[in-house]
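So you know, we letter chains A, B, ... as the sequences are listed, proteins then strands, and number each from 1.
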2 protein chains.
Amino acid sequence: MANPKILIVDDEPNIRDLLTTTLRFQGFAVQSVSNGAGTISAVLAEEPDLIVLDVMLPDMNGFSVTKRLRSAGYTSPILFLTAKDDTQDKITGLTVGGDDYVTKPFSLDEIVARINAILRRTMAKEEEAMIIAGEITMDQDTHEVKVGENTLDLSPTEFKLLRYMMLNPNRVLSKSQILDHVWEYDFNGDAGIVESYISYLRRKIDPIASEPLIQTKRGFGYMLRVPKP
Amino acid sequence: MANPKILIVDDEPNIRDLLTTTLRFQGFAVQSVSNGAGTISAVLAEEPDLIVLDVMLPDMNGFSVTKRLRSAGYTSPILFLTAKDDTQDKITGLTVGGDDYVTKPFSLDEIVARINAILRRTMAKEEEAMIIAGEITMDQDTHEVKVGENTLDLSPTEFKLLRYMMLNPNRVLSKSQILDHVWEYDFNGDAGIVESYISYLRRKIDPIASEPLIQTKRGFGYMLRVPKP
DNA sequence: GCTGGCGTTCAGGTTTCTCTCAGGAAACTG
DNA sequence: CAGTTTCCTGAGAGAAACCTGAACGCCAGC
C-alpha cells in the first residue's frame, strides 16, 4: 500500500510547516491548506486518508467544515486541533466514528501517535499498537507499560518520553531533540527538564530491569539500550 | 548516484570558505550564499540535498528562512549553525523532520559526521553508520566502539579523535591536521594536547588490541595502522 | 476548599572531562 | 657519545555536564 495521504488545515503558517515537515518525515504524503473554503475542494481532489483540521479557522469553524465534508460523502477520519479552553461538549460533538482530537499546543510525538492510532483502526494497519524494546513493552492503546512481568506506572510526560526513546532505540538522542519531540512545541524552558525526567524514568525502570537501560552519552545525549535480536 | 548537493548559508566569509573547502574535499557538490535573501532563489535553482544554515544572518534569521523554504515546498533537511550561547529554547524547534544543529565554533569532523548522518537517513544510504578499521569498529548511532569483542569507553574528544583516525587509516596525520579536524576551529591552545589524547587513546586501546595500532611517525605525526583486507 | 499528583525550576553535590605543565624517556644528529 | 629535539605521561586545576532532592504553583477530583 502506498503512503497514507494526509491533509493539514490550519491558518497559522508555522503550525502548517511544522506539521508538514514532521509528517512527511514520518512517511506520509502531506498536503496543506490554510482555510475552510479550500478544504472541500482539496479533499475531493486528493481524497486524503486523514485530515488534520484546526477547529478555529478564519472563514468557518470545524462544525461547518465537517458538516460539508460529510455531506459531500467524505468518510475518512478527522483529527481535530482545538484550543485547550474549548468546552468539552463542543469537542465531543465533533468527534464521531474514528475521529479524535488534540489540544494546542501539542507535542509532535503526540500528533504522530494519534494519527497512527487512527489509521491503525481505519486502515487495516495491524500490529503496531505494541512497541517492544528489549524487555520493555508498551501498548499504545491501553497505555500499559511493562518491564518483563512488572507493570510500570508512568505520568503522561514520562510515558511520552519513554515512547519516544522506545521508537528510537540504540540511537543517541540529544536533549534538544527530545525536547522537540516530546514537549509541546511552544515549550520555552530549559533543557534541564529532560534530565529530570530521565531521572524519574530511571528510578522507575532500573529497580526492575535486569540492567540499566537508559544510558547517558555525556556531551551527546541519552540512549535507550536494546540488545540486538 | 551523483554527489549530494549542499548549500552553505553563512555571512562570515571565513566560515563559508572553511566549509566549502572541507565539504568539496569530502566529495559533495557545494554552493554557498551569504544571506537569507539569496537562499530562496539558490535553493529553487539548485535543489540541494541539504542546507547548512547559519541561524544568525544579517538580513533575516534562520526561522524566517526555514519558514519560507518550507512553504516554497522545499523539504530537504537543514543543518543549523547556532552560537553556543544561544539559549536552549532558541534551538528548540529546530531539530524536526530529520534536521539537526551544531554549535559554533564547531569542528570540521563534527560537521562532516552530522551531514553524513542526516544524508544516511534521508537518502537511503544504508550501512554507513558503522566505521571499521581493522579490529576496531565504531557505530556512529550508538557511539559504541569495540576492539575485537571488548567495548571501549571513550570521552567525547577521545571519540572524535579516534573517528578521525579511523576515517584516515594508514596515513600519517600531522598534529596540526588533527587539531584542525577534531578540535573546534577557534581553539588556540598548544598542539601538545594532541599528544595527551593520543596517549589516552593508547592507554585504552593497547591493552586489548593484538598489537599497537597507533604509531608515532616522529617529526610528522601519527598513523592508525590497519592491515590490508 | 482541600488534597495529591504533576510539571517545572533551581541549586548543591558529584562525576567526568579538558587542558596545561613539567619531568623524564626516546630518538635523532653530528 | 653528548647534545638536542621530540614525544610520552602523570598530576592537577578548573570547568563542564550531569544527577537529584526540594520547593513551588497549577489543576483535577474529592
Send over the distance from A:E195 CD to D:dC18 C1', rounded to a whole Å. 5 Å

ring-ring contact (aromatic ring centres under 6.0 Å, His included) partners of A:Y200, counting only residues at least two apart: A:Y197

side-chain contact (heavy atoms from CB on, under 4.5 Å) against A:K160, all qualifying residues, sequence neighbours excluded: A:S107, A:D109, A:E110, A:R163, A:V182

Just to verify, what does B:H143 make a ring-ring contact (aromatic ring centres under 6.0 Å, His included) with, not counting sequence neighbours? A:F220, B:F159

So with a 6.0 Å cut-off around CG of B:N188, is the heavy-atom count from everything else above 12? no

Angle separating the five-pair end axes of the helix from C:dG1-D:dC30 to C:dG30-D:dC1, nearest 10°, is 20°

Contact pattern, 5' to 3', of nucleotides 16-21 of chain C - B, S or - by protein heavy atom under 4.0 Å: BSBBBB

Indicate whether OP1 or OP2 belonging to D:dC8 is found under 4.0 Å from a side-chain N or O atom of B:S199. no

Review item, nucleotides 24-30 of chain D N/O atoms under 3.5 Å of protein N/O:
none

Does B:E144 have any side chain to side chain donor-acceptor pair (under 3.5 Å) partners at least two apart in sequence or in another chain, and if so, which? none

Between A:R202 (CZ) and D:dC18 (P), how many Å, whole number? 10 Å

Round to a whole Å and report the spacing from CZ of A:F220 to C1' of D:dC18. 15 Å

My understanding is that only residues two or more places apart in sequence, or in another chain, count here; which of them pass side chain to side chain donor-acceptor pair (under 3.5 Å) with B:E135? B:S210

What are the residues of residues 162-170 of chain A, sorted by number, that bring a heavy atom to within less than 4.0 Å of DNA chain C? none

Sort out for me which residue in A:R202, A:Q177, A:K217 forms a side chain to side chain contact (heavy atoms under 4.5 Å, CB included) with A:Y222. A:R202

So, is B:T216 close to the D:dC8 phosphate, meaning a side-chain N or O under 4.0 Å from OP1 or OP2? yes

Distance check needed: D:dC18 P versus A:M223 CE, whole Å only. 15 Å

Say you draw a straight line from CG of B:L108 to CG of B:L179; how long is it, rounded to the nearest 0.5 Å? 11.0 Å

Using atom CD1 of B:I198 as one end and atom P of D:dT6 as the other, report the distance to the nearest whole Å. 18 Å

Looking at B:N168 and B:Y164, would you say the former's side chain and the latter's main chain have a donor-acceptor pair under 3.5 Å? yes

Interatomic distance, A:I205 CD1 vs D:dC19 P [rounded to whole Å]: 14 Å

Side-chain donor-acceptor distances from residues 6-17 of chain A under 3.5 Å, at least two apart:
residue: A:D10; atom: OD1; partner: A:E12; partner atom: N; Å: 2.9
residue: A:D10; atom: OD2; partner: A:K104; partner atom: NZ; Å: 2.9
residue: A:E12; atom: OE2; partner: A:K104; partner atom: NZ; Å: 3.1
residue: A:N14; atom: OD1; partner: B:K67; partner atom: NZ; Å: 3.3
residue: A:R16; atom: NH1; partner: A:D10; partner atom: O; Å: 2.9

Identify, with sequence neighbours excluded, every residue that meets ring-ring contact (aromatic ring centres under 6.0 Å, His included) alongside A:F80. none

Output the rounded distance in Å from CZ (A:F159) to C1' (C:dG7). 18 Å

Non-neighbouring partners of B:S176 that pass side-chain contact (heavy atoms from CB on, under 4.5 Å), sequence neighbours left out: B:S174

Given D:dC8, is OP1 or OP2 found less than 4.0 Å from the side-chain N or O atoms of B:R203? no

Quick one: do the A:N170 and B:T142 side chains pair a donor with an acceptor below 3.5 Å? no

Just to confirm, is there a sub-4.0 Å distance from OP1 or OP2 of D:dC7 to any side-chain nitrogen or oxygen of B:K175? yes

If you measure from CD on A:E195 to CD1 on A:I178, what distance do you get to the nearest 0.5 Å? 10.5 Å

